[in-house]
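Nothing here was measured: the structure is a model prediction, and the numbers come from that model. Chain identifiers are assigned alphabetically (A, B, ...) following the order of the sequence lines, protein sequences preceding nucleic acid strands; residue numbering begins at 1 within each chain.
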Amino acid sequence: MDWWHRLHETISTVVEDRRIGSPRALRVTVHLRGITRDRRSLAAMIAESADQWFDGNGDLVKSAESPNSETHMVSWPSGSSALISVSSGENGQFGGTVMLMGTRGSLYHDIDGASS
Amino acid sequence: MTPLHKVIGVGGKRTHLEAYIRAFAADERCEVVAIADEPGLSQYREGQNRLLASELRVPYMALGDALKQPEVDIVCACPDVERRARVVTTCLASGKHVYLDKPLAGSIDDALTIAESAEAMGSVTQMFTHVNSPWAKSAHMAVKSGATGALNSLHCDMLMAKGHLADDLPSEPRVERGSDGSFTFIEAKRELFDMGVYPVSIVTWLSGQRVKEVTALTGNYFFEEHRKLDIEDFGAMLLTLEDGTVATLTCGRIGVKSHPQGGKQGVTVIGDNGYFNFGESEPRVEVYNDGHSPEPPRHPMDPMMMWGSTRQEVGEFAKNSWVSMHASEQAADIRAFLDCIDSGERPEVTATDAVHHIEVIMAAYESASSGRTVTIPPSRL
């Protein structure tokens, strides 16, 4: 999951430089080709990143899990929120999107083969 | 060609009618013959209605009189959502086909009233959504053809890059108190209601299923106008469909400078065959040049940039780095409605379909205010 570490660092720089103001809403959707362990690991890493960007520990509002996907709705005491959905499967392309919306703007990233 | 259909519009400037009615007028099958509405409106609303009639060079009429014209067969209905059930059922009772503004109504009871009236009269109804847009049709084709494989999850966003971000909103989070039946204000709208209907309609249409459970949250993240009204500018939902498929959605406004074009609008389909993404901005041509990029102007009566007419009044702010390869979504949707009237086919999103959107949105308000997951009861239709 080196690609997530690189993406995390890049987004953290944007957040720390206040280029989108205070982050308010995170939306991450990722589909992996791989095994369940990778999916769970990535979902945990995204949640950790969100805690850092929103400057606190999020509270799980709702989770929905199936054999090949997990989706989490999370909120923070500041009112900020996140929807994190990670799925995995044997077929198809790896891909996804990241969107972080803040009080002064938003950032977007398309996850694709180049990300990895 | 002699127009096949005579159309009246209900509403006026600073409603969606100002765009819809021009799409009807541009279709060679239609002739717009009047703008009409109920008597006893506020001076502001009637004035805006009369202005639109004047611009279109058609008479402004009392709704009852306009509906008595037997040659009129279509009403494009964009009354305020709070009086939508009364106006639309009046139009349906006169035997007209009705193109409906979204969302269908401000309550489940009002939505049912409209749908039952349409079913009873046998009228063709269609509510404006994005299902006839090229990106949604591509997603639909991918799902229905089996290209995606069995559907595992859907993720839809409808975030408009409009409105001027606040300089400094209070850090105290807004507390959702649910729906009190008021959704539309001059300077802003409740975005879970107004924008949420788009992704809800995409999810139910693509999946062909009703929503079983709704978990939602709302926020006032971006705009002072929403804060002053104590309404949300952002909403998110986690949905469980009837067969257990999971869907998520985000909706709202994120600021005019927060996206290179109109906003983040599209759907991601996760199927047995992997990841498929369909977006409003795809495909596109990107243009970067030494042209001037002006600050987006602010209209005092429309700071959220809701209406085309107000944008023209302050000087259109054109974001033109991304050039879409598709025609207007409103024109495509209205063309599809006319095609259905002419062919006898059922529109993709009728008044009956749209009742469920209101059920989901109302469940979302209940969830966001209670912090609990809300189960939607079986259809009452």
Salt-bridge present (B:Arg284, B:Glu282; N to O < 4.0 Å): yes
Does the distance from a Lys or Arg side-chain N to an Asp or Glu carboxylate O, for B:Arg210 and B:Glu359, drop under 4.0 Å? yes
Within 6.0 Å of NZ in B:Lys228, more than 12 heavy atoms from elsewhere: no
More than 12 heavy atoms from other groups under 6.0 Å of CG on A:Asp55: no
Given heavy-atom pairs under 4.5 angstrom as the criterion, report whether the side chain, backbone, both or neither of B:Asp167 touches chain A. both
Distance-only side-chain donor-acceptor flag, B:Glu280 / B:His130, under 3.5 Å: no
Pick one of side chain, backbone, both or neither for B:Ala161, based on which atoms fall under 4.5 Å of a heavy atom in chain A. neither
Is there a side-chain contact between B:Met195 and B:Met160 (heavy atoms, below 4.5 Å)? yes
Below 4.5 Å from any heavy atom of chain A, which atoms of B:Thr268 appear? Answer side chain, backbone, both or neither. side chain
Can you tell whether the side chains of B:Arg227 and B:Glu224 come within less than 4.0 Å, N to carboxylate O? yes
Please flag which part of A:Thr71 lies under 4.5 Å from any non-hydrogen atom of chain B: side chain, backbone, both or neither. both
With chain B as the partner, which of A:Gly105, A:Gly79, A:Gly95 has the greatest number of non-hydrogen pairs under 4.5 Å? A:Gly95
Scan for ring pair (Phe, Tyr, Trp, His ring centres under 6.0 Å) pairs involving residues 228-268 of chain B, sequence neighbours excluded, and state none if there are none. A:Tyr108-B:His259, B:Tyr221-B:Phe234, B:His259-B:Trp322
Which bit of A:Ser80 is near chain B, if near means a heavy-atom gap under 4.5 Å: side chain, backbone, both or neither? backbone
Using a heavy-atom distance cut-off of less than 4.5 Å, which residues of residues 145-159 of chain B contact chain A? B:Asn152, B:His155, B:Cys156, B:Asp157, B:Leu159
Is it the backbone or the side chain of A:Arg33 that comes under 4.5 Å from a heavy atom of chain B, or both, or neither? neither
Under 4.5 Å, counting heavy-atom pairs only, tell me which of A:Pro77, A:Gly89, A:Ser78, A:Ser69 racks up the most with chain B. A:Ser78
Which one of A:Gly21, A:Ser88, A:Gly96 has the most heavy-atom pairs closer than 4.5 Å to chain B? A:Gly96
Chain A contact via B:Ile270 - which portion, at a heavy-atom distance below 4.5 Å: side chain
Note, A:Asp59 side chain near A:Trp76 side chain (heavy atom, < 4.5 Å): no
Can you see whether B:Thr218 engages B:Glu176 through a side-chain donor-acceptor pair at a distance of less than 3.5 angstrom? yes
Engaged part of B:Thr373 at the chain A interface, taking heavy atoms whose separation is under 4.5 Å: side chain
With a 4.5 Å limit on heavy-atom distance, are the side chains of A:Met101 and B:Lys264 in contact? no
Less than 4.5 Å to any heavy atom of chain B: does that hold for the side chain of A:Ser81, its backbone, both, or neither? both
Among A:Arg27, A:Arg24, A:His31, who wins on heavy-atom pairs under 4.5 Å with chain B? A:Arg27
Please tell me if the side chains of B:Arg190 and B:Glu232 come closer than 4.5 Å, counting only heavy atoms from C-beta onward. yes
